[in-house]
Structure formats: C-alpha cells, structure tokens
Protein chains: 2
Amino acid sequence: MVKRTRLDDSDCPVARSVDTIGDWWSLLIVRDAFDGSRRFGQFQRSLGVAKNILAARLRALVAAGIFEVVPAADGSAYQEYVLTPKGRDLFPVIVALRQWGETHSFTPGEPHSRLVDRLTGRPLAPLRVEADDGRAVEPGDTVVIKVDRESPRAKSG
Amino acid sequence: MVKRTRLDDSDCPVARSVDTIGDWWSLLIVRDAFDGSRRFGQFQRSLGVAKNILAARLRALVAAGIFEVVPAADGSAYQEYVLTPKGRDLFPVIVALRQWGETHSFTPGEPHSRLVDRLTGRPLAPLRVEADDGRAVEPGDTVVIKVDRESPRAKSG
DNA sequence: GATTGCTGGTAGCATGTTGCAACTAGGAGG
DNA sequence: CCTCCTAGTTGCAACATGCTACCAGCAATC
C-alpha cells in the first residue's frame, strides 16, 4: 500500500471499527485481555507475536482508548495494560467472532477452546440480532440509512 | 513480515475467524454485500478499494466459502458475488462492529450511516451476550476452556 | 553494591502485502 | 465495426510485518 487507506473518516461505523481494531493482532490482544492477560510478557507469550509488533499494537490500542496503562497490581514497578470500558464493550465482537469460528472453521470433534459461562460451565447462547422490540432480525430485514444530523428521537416511529 | 503468521491452525476460534476475515477489506466487502452489493464494480465503487486488492479479496472470500460466484441476475453474461450461508452468518459480527463503532467512534450528532429495522425504521437492539438460559453475561462471568475432544453432550451441564 | 537474570521494550534488515496506475480481454450498445 | 463498460491482471513503489539482536530498568543474589 502506498498508505494503508484510512477509514477513520468514513461515515460507516463498521469502517471506523475496522480502522481501529481491524488488523491481525488487535482483536487477539483484546481477546487475551478478556482471558486475563495484563502484562506485556503475557500477551507476548500467549500470542507468539514479535515484541515490536506487540509494542506498536499496544501503543495504538492505548491511543485508541481501548487499553489503559496502569501500575502493576502485584506491587512491582512494572505496568499493566487493562481494558477501558470502551475496550470491554468489544466483548460482543469477540463473542460473535468466536461463535462464527466455532461454527464454520472447525470440523466436528476438532479440539478447540471454548468460552463458557463460569457459573454453569455451559457454552453461551448464540448471539441474536434483534429489533428494539425483541423480534429476531435477519440481514434482509434491515436497511442502512444515512443519519445526516442526529435527531434526538427517531423520526419514523 | 516474513510471512503474515497464519492463525488457521490455532485452537482458538477467534484466531481462525481473524485469520479468515481479519484484514482491512474483507469485513467491509461482507458489509457491502449485506447492503446489496453483488457485482465487482459495485464493491469497487462503494469501497474505493483498488481493483487488484478487491479481486484478491473476493478470490480469498470465495475460497473461504463466504461468497460464491453465480451468473448475473440481470441476464448479462457477467457474474455476481453472493454470500453463502457461512457468509450470512457473519451478520452478528458486522452488527457488533457497527454498534461498537456507533457508540465509541462518533461524536454525538456526527453524521453516520445506521442499520435499522426495515419494518419500523428504528435502530436494532444492542447485542446482548447471554448464557444459554438467557441471563446476561459479562466478560468476567465467562471462562475459556479447552475442548480436547468434542463430547456429544456437555459434561458439566 | 556489582553481577546476573527477567521484564519491557527499540533498532535494523529482509520480505510480504498493499496501493496506484497502466494495461488487457471480453461483453454491450450503437 | 467502433466505442464504452465491466472485470479483472500486471508492474512498481511504499509501507507494514516479522525475526533477530540489542538495550534499559527493576529484582534478586552474592
């Protein structure tokens, strides 16, 4: 690329999200954070990523407000990377990717990791896209509109 | 990179998903497909992506079973790219990214596109991660386990 | 308190990937 | 038949990624 084509000025939220976290490692770093990783070395060993890449990604994720740097919890002079609320809000994204991968990228019976409810040990329910009244919504039931100026309340009912 | 670090043999479904669709353009192509794009030129104009990149991405997405190539619906001799069921299953991923982007990547009142229920014109409900009994689940309520050999029924359930 | 080891990074280099532009091949329309 | 449109492919330049080596600060040990 002459310049990786910035998408951060697109008016599509998907494009901006992809621009922020749409590279190979960022989502996996976030996934590891959900899984308990906090220290540079934890991410590095868990992901097997080169340290310069990890350092660059963490810097970008901190700059994007997804992680924040805090003093280490164990009293040492090191620092840790913890998810901000914005970062924690990526949980549905990770779960969606995980469920899609479980369904379509593994043969039945193939070993894989699984995200389960800590209380029951059972897998989570499949994510369900719903209208605001709870009806299940499929791709064809939706339409993309352009909101030129956010109106305080929905205009069409 | 010496070689973009394949993740397709990871035992984590998130990693495999990211390996398949985790580049800058694939998810946006899928998003456009949900939005009605079917032809090469439609994707190209809508995304502003270089044609060689688009061609490579579409090829990869077809190879991954996310798109399939079909004869054009308008009777012309050209072909079209339509989502397979596997591709349509990415809907929650797109919705999750869209909702995250709407929440965190736009200032209030900033113009943006929005995905709404075709029937009511109202935005969709926020995605909710739930346990299999319907309880809302947050990141801390979950744990990642390793499934070495898929058992036909849950063992601790 | 100097040395050794660990943690957390940076620097240099080779290579892969992206992107732009130019070019090509076949279909559509007049 | 000539021209434009669609759907790509190819070549080159720039940037990103990955590996390895290197470096700085903390920690524990002697």
Side-chain angles (χ1 to χ4, degrees), chain A residues 1-10 15 18-29 32-33 36-64 67-82, chain B residues 1-10 15 18-29 32-33 36-64 67-82:
Chain A
M1 41 173 113
V2 125
K3 192 61 188 312
R4 210 236 257 64
T5 302
R6 304 267 43 145
L7 300 163
D8 55 349
D9 61 343
S10 167
V18 167
D19 187 73
T20 307
I21 52 166
D23 70 282
W24 292 95
W25 292 114
S26 295
L27 276 173
L28 296 176
I29 295 171
D32 268 27
S37 293
R38 302 166 64 92
R39 294 280 281 262
F40 187 95
Q42 285 180 305
F43 291 113
Q44 211 261 311
R45 279 187 299 276
S46 165
L47 294 168
V49 61
K51 296 199 290 182
N52 55 348
I53 306 294
L54 178 57
R57 284 291 156 271
L58 285 172
R59 219 172 340 187
L61 289 168
V62 169
F67 279 92
E68 64 183 337
V69 177
V70 302
D74 64 354
S76 74
Y78 297 114
Q79 58 188 19
E80 295 184 344
Y81 297 88
V82 299
Chain B
M1 43 176 98
V2 128
K3 193 61 189 311
R4 208 227 259 74
T5 303
R6 304 268 43 144
L7 300 162
D8 54 350
D9 62 342
S10 167
V18 167
D19 187 73
T20 307
I21 52 165
D23 70 283
W24 292 96
W25 293 114
S26 296
L27 275 172
L28 296 177
I29 294 170
D32 267 27
S37 292
R38 302 166 65 91
R39 294 280 282 263
F40 187 94
Q42 285 181 304
F43 292 113
Q44 211 259 313
R45 279 186 299 275
S46 164
L47 294 168
V49 60
K51 296 199 289 182
N52 55 345
I53 305 294
L54 178 58
R57 283 292 154 270
L58 284 172
R59 221 177 345 218
L61 289 168
V62 169
F67 280 92
E68 64 183 337
V69 177
V70 302
D74 64 354
S76 73
Y78 297 114
Q79 58 187 17
E80 297 184 343
Y81 297 89
V82 299

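Computed from a predicted model, the values in this text were never measured in an experiment. Below, chains carry the letters A, B, ... as their sequence lines are ordered, and counting in each starts from 1.
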Report which part of the nucleic acid B/F43 touches: base, sugar-phosphate, or nothing (heavy-atom distance under 4.0 Å, all strands).
-> nothing
Could you walk me through whether B/I53 and B/K51 pass the side chain to side chain contact (heavy atoms under 4.5 Å, CB included) test, one step at a time?
-> CA-CA 5 Å; B/I53 305 294; B/K51 296 199 289 182; over 6 Å; no
Which pairs with one or both residues in residues 69-78 of chain A pass salt bridge (charged side-chain N to carboxylate O under 4.0 Å, His left out), sequence neighbours excluded?
-> A/R39-A/D74
Think A/Y81 has a side-chain N or O under 4.0 angstrom from the OP1 or OP2 of C/dT7?
-> no
Options D/dG18, C/dG19, D/dG8, nucleotide nearest the side-chain atoms of B/A55 = D/dG8
Between C1' of D/dC19 and CD of A/Q44, the distance in whole Å | 12 Å
Between D/dT6 atom P and B/R38 atom CZ, what is the distance in whole Å?
-> 17 Å
Atom CD of B/E80 to atom C1' of D/dT6: distance rounded to whole Å?
-> 12 Å
Atom-to-atom span, CD1 of A/I29 to P of C/dG8 - whole angstrom | 14 Å
Give a yes/no on whether any side-chain N or O of A/Q79 is located under 4.0 angstrom from OP1 or OP2 of C/dG9.
-> yes
Sorted by chain and residue number, the salt bridge (charged side-chain N to carboxylate O under 4.0 Å, His left out) partners of A/D32 (sequence neighbours excluded) come out as none
What's the CG-P distance between A/N52 and C/dC13, to the nearest Å?
-> 14 Å
Gap between atoms CD1 and P, on B/I53 and D/dT10 respectively (whole Å) = 14 Å
Rounded interatomic separation in angstrom, taking CZ from B/F40 and C1' from D/dT6 | 9 Å
Base-contact (B) and sugar-phosphate-only (S) positions in nucleotides 23-30 of chain D, heavy-atom cut-off under 4.0 Å, - elsewhere = --BBS---
side-chain N/O A/R39 vs C/dT7 OP1/OP2, d < 4.0 Å | no
By side-chain hydrogen bond (donor to acceptor under 3.5 Å, both in side chains) - contacts of B/S26 (at least two apart) | B/D23
Should A/W25 be listed as having a side-chain N or O under 4.0 Å from OP1 or OP2 of D/dG18?
-> yes
Answer yes or no: is there a donor N or O on one side and an acceptor on the other, between the side chain of A/Q44 and the main chain of A/V49, under 3.5 Å?
-> yes
Check whether any side-chain nitrogen or oxygen of B/R59 sits under 4.0 Å from OP1 or OP2 of D/dT9, and answer yes or no.
-> yes
By side-chain contact (heavy atoms from CB on, under 4.5 Å) - contacts of A/A55 (at least two apart) | A/F40, A/R59
Would you please name every residue forming a salt bridge (charged side-chain N to carboxylate O under 4.0 Å, His left out) with B/R38, sequence neighbours left out?
-> B/E80
Rounded to whole angstrom units, what separation is found between the CG atom of A/D74 and the P atom of C/dT7?
-> 11 Å
